[in-house]
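Everything quoted here is computed from the prediction, not taken from an experiment. A, B, ... follow the sequence lines: proteins, then strands. Residue 1 opens every chain.
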Amino acid sequence: MGSSMSESDSGDDTGQTAESAERTRDPYALGDHDGERGPDDRAVFWADAVADEIEAREPTEPVVIKGAISPSGVPHLGNVNEIMRGYFVAESLRERGYEVQQVFTTDDRDPLRKLPRKLADLDGNIVDLGAVNAGALGQNLGRPYTDVPDPFGCCDSYGEHFSNLIADCAELLGVDIEIVSTTELYEDGSFEELTRYVLDNQDRARDVLGEYQDKVDADYVPFNPICGECGKVTETVTAVDTDAGTVEYRCTDMEAGDQVIDGCGHEGTATLREGKLPWRFEWPAGWDVLGVDFEPFGKDHAEGSWPSGVDIAENVFEIDPPVPMVYEWFTLDGEPFSSSEGHVVMVHDVLELLEPAVVRYFFSKDPSKARDFSIERLDQLVDDFDRTERLYFGEESGTDREEALGERAYPPSIRPTVADRFDDEFGEGAWRSVANDRTARETVDGLLEERYADRIRIPYTFAAVLGMFDDPELRTDVARKEGHLADDTPEWAVETAMERVDLASEWARRTDNEFNYELKRATLPETDFDEATEAALDELADFVAEGHDGETIQGEIYETAKRHGVPISDFFSAGYRLLFDETQGPQLGPFVAKLDREFVVERFRRNR
RNA sequence: GGGCCGGUAGCUCAGUUGGCAGAGCGUCUGGCUUUUAACCAGACGGUCGGGGGUUCAAGUCCCUCCCGGCCCGCCA
């Protein structure tokens with residue numbers, strides 16, 4: 001930012017110098033300061049850097065942060081970038097006292113171009129296309145998503161079905177967004193003025209877009225009416241009458257990838273509300289209608305749509321484009337997400353494995369880096385989160401940068417959790433309004449510092465081990481005995497800690513990793529014990545046969561091992577080998593005490 | 001073919017105006033001699049994708065090449 005910026009702040013009503021505007025048009029810039037205000041000015045957390053850019057433009061409140069998605073199919077974790085990247089910027093601005101609104105458009109007037117092979121019901125279960133009436137769905141190719149019947153029959157349309165799923169994702173993550181249907185923006189006239197404007201200035205529109213798209217020729221009309229006969233989005237406009245507010249069209253064939261969707265040949269008239277702007281115009285039009293100040297988008301938009309969008313915004317609509325930010329895409333277990341092929345994971349699924357705060361934390365990481373969401377290695381993500389949390393509460397020290405980053409990234413990750421956990425501190429359901437209610441924010445931030453600091457985290461992998469115990473009380477007892485819980489740990493903190501056990505054991509089960517301790521009941525695992533170990537096992541079997549509680553058996557394991565000169569850890573491993581065919585496992589004494597005695601005795605004797 | 005983003009320890013990543021390559025986990029060793037996992041201490045571990053250049057000094061700046069992804073038709 002040049003020194004001229006400060007001069008323009010006072011007088012220049014554009015609010016920006018060419019230099020600063022140039023810089024904030026770079027979607028990769030992420031608030032890359034030029035050091036004018038010194039190196040200390042550089043924000044450690046990317047969301048703060050973006051917030052700096054937005055603030056420099058002196059936005060009117062509420063500051064509007066937008067995201068968007070096409071409701072074309074399963075909304076996966078990658079799509080959630082649109083919600084969560086904006087969320088962290090929103091929170092950064094709210095912490096500075098700004099009122100911020102997160103709006104999310106569903107591009108539901110876009111035509112259905114092909115049938116995805118996988119869909120999802122409203123509960124977030126992925127289902128095969130074959131599970132619904134694919135034939136009936138196929139009849140709707142070319143029609144706007146909001147005019148396609150919901151294949152599940154539960155919502156008003158296909159578009160609404162998947163928009164609802166996106167709304168659920170935000171809800172599940174505690175993010176307050178307002179969903180705006182693009183179809184509604186057309187139908188209620190919000191887009192009408194801009195549509196008329198574009199059609200009145202077609203030459204300009206063509207000139208600008210033609211710089212980016214070769215197909216824009218003299219016949220190109222930047223409007224796609226919906227056929228009054230077959231309901232498809234058409235591409236051939238034959239006449240425009242903006243005074244009457246109508247266009248005439250012929251319903252011609254539409255190319256969709258390598259497929260062609262047949263037009264019905266109908267010739268008719270449509271109003272400016274009965275159609276849509278092409279995407280390259282629709283995106284900037286949304287910035288204007290919704291007053292968008294910031295919008296994150298995937299890297300696929302960075303080189304094509306964004307530059308043309310800026311050009312169209314400035315030279316056709318004559319508005320300022322929002323502050324942009326590109327995010328890299330995630331992979332899932334090393335492979336790209338694919339809604340149509342079912343290589344996806346939804347927020348609904350992820351929350352069976354992770355606390356919402358950890359999921360939010362995942363999205364607080366540098367957007368410019370491609371990241372793998374590795375189900376196998378979820379324990380690393382959770383450990384990372386736990387460490388950041390300890391850094392935040394000063395329970396552990398790290399590098400200056402780590403501590404500064406934790407200071408900034410942790411509060412927005414945990415805030416909805418804190419509000420939820422102490423919801424009785426708020427009015428009825430008021431914790432949900434934390435985003436925009438200043439009083440509620442103060443309350444939640446106070447709770448975070450004063451009460452949530454006492455939370456307890458059990459390491460994720462150990463939580464998976466505890467999952468071996470079905471009995472909740474036994475889980476808690478073991479956690480307590482291992483020093484994770486103290487006598488004075490508040491009840492809510494015990495609950496918070498123990499909630500992770502179900503998540504981690506689900507993870508162990510799903511990945512079938514070394515923490516998935518499956519009791520090998522049916523067959524005796526292969527073993528290779530020395531004589532001393534075998535003698536010790538026989539003796540331990542006798543002891544178990546007498547009937548003792550878990551605590552006593554645990555002690556006897558040590559005693560038995562000692563008597564036979566078997567190293568303690570080897571003896572435990574022998575037990576785990578016999579029961580699980582593993583070298584580790586849950587605390588052995590309490591565990592075997594819970595099993596039927598005869599099985600344990602026979603197993604320790606290596607009989608079956 | 002052209003443009004853009006990324007490539008740092010086995011894994012996940014952090015490295016702010018160029019200034020002695022870092023963390024966590026994993027691994028190994030030792031400690032806690034009745035509580036395996038836990039916890040504590042220590043160690044091992046890197047041609048910072050390769051090569052060249054600028055500089056007293058390069059993970060960081062420049063050039064070039066390699067790898068992965070995206071864009072440069074349409075669509076979104």
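Side-chain N/O atoms of Gln213(A) include one lying less than 4.0 angstrom from OP1 or OP2 on rC75(B).
Using bins of under 30°, 30° to 60° and over 60° for the plane-to-plane angle, the ring pair Phe385(A)/Tyr410(A) lands in the tilted bin.
Looking at heavy-atom distances under 4.0 Å, Thr331(A) makes no contact with the nucleic acid at all. Looking at heavy-atom distances under 4.0 Å, Lys276(A) makes contact with sugar-phosphate atoms alone, never a base. Tyr576(A) comes within contact range of at least one nucleobase, with a heavy-atom separation under 4.0 Å. Using a 4.0 Å heavy-atom distance criterion, Asp570(A) is classed as making no nucleic acid contact.
In terms of position along RNA chain B, the nucleotide closest to Leu588(A) lies nearer the 5' end than the nucleotide closest to the other residue of the pair Asn224(A) and Leu588(A). Comparing Arg390(A) and Val478(A) against RNA chain B, the residue whose closest nucleotide sits nearer the 5' end is Arg390(A).
With both pairing distances under 3.5 Å, rA9(B) is matched to nothing as a Watson-Crick or G-U wobble pair.
Between the P atom of rA38(B) and the CD1 atom of Ile456(A) lies a distance of 18 Å, rounded to the nearest Å. The distance from atom CZ of Arg109(A) to atom C1' of rC75(B) is 17 Å, rounded to the nearest whole Å. Between Glu551(A) atom CD and rU36(B) atom P the separation is 12 Å, expressed in whole Å. Rounded to whole angstrom, the span from the CD atom of Glu282(A) across to the P atom of rC75(B) amounts to 12 Å.
By the ring pair (Phe, Tyr, Trp, His ring centres under 6.0 Å) test, Trp329(A) pairs with no residue at all, sequence neighbours left out. Every ring pair (Phe, Tyr, Trp, His ring centres under 6.0 Å) that Tyr460(A) has, sequence neighbours left out, goes to Trp507(A). Partners of Arg85(A) according to the salt bridge (Lys or Arg N to Asp or Glu O under 4.0 Å) rule, which considers only residues two or more places apart in sequence or in another chain, do not exist here. Under the salt bridge (Lys or Arg N to Asp or Glu O under 4.0 Å) criterion, Glu402(A) pairs with Arg387(A), sequence neighbours left out. With sequence neighbours excluded, no residue forms a ring pair (Phe, Tyr, Trp, His ring centres under 6.0 Å) with Phe104(A).
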Identify each atom pair where a protein N or O and an N or O of nucleotides 66-71 of chain B are less than 3.5 Å apart, giving names and distance.
| residue | atom | partner | partner atom | Å |
| --- | --- | --- | --- | --- |
| rG69(B) | O2' | Lys299(A) | NZ | 2.2 |
| rC70(B) | O2' | Lys299(A) | O | 3.1 |

Close N/O contacts between protein and nucleotides 11-14 of chain B (under 3.5 Å):
| residue | atom | partner | partner atom | Å |
| --- | --- | --- | --- | --- |
| rC11(B) | O2' | Gln380(A) | OE1 | 3.2 |
| rC11(B) | O2' | Gln380(A) | NE2 | 3.3 |
| rC11(B) | O2 | Gln380(A) | NE2 | 3.0 |
| rU12(B) | O4' | Gln380(A) | OE1 | 2.6 |
| rC13(B) | OP1 | Arg371(A) | NE | 3.4 |
| rC13(B) | O3' | Arg371(A) | NH2 | 3.2 |
| rA14(B) | OP1 | Arg371(A) | NH2 | 3.2 |
| rA14(B) | OP2 | Lys369(A) | NZ | 2.8 |
| rA14(B) | O3' | Arg401(A) | NE | 3.2 |
| rA14(B) | O2' | Arg401(A) | NE | 3.3 |

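Each salt bridge (Lys or Arg N to Asp or Glu O under 4.0 Å) pair with one or both residues in residues 326-336 of chain A, not counting sequence neighbours, appears once here: Lys299(A)-Glu328(A). Within the structure, salt bridge (Lys or Arg N to Asp or Glu O under 4.0 Å) pairs that include any residue of residues 554-567 of chain A comprise Glu539(A)-Arg563(A), Glu556(A)-Arg563(A) (at least two apart or interchain).
With both ends at atom P, the span from rA21(B) to rU16(B) equals 14 Å, rounded to whole Å. Going from the C1' atom of rC71(B) to that of rA76(B) covers 14 Å, rounded to whole Å. Using atom C1' as the reference point in both rU8(B) and rG46(B), the two lie 8 Å apart (nearest Å).
Ser70(A) and Asp107(A) share no side-chain donor-acceptor pair at under 3.5 Å.
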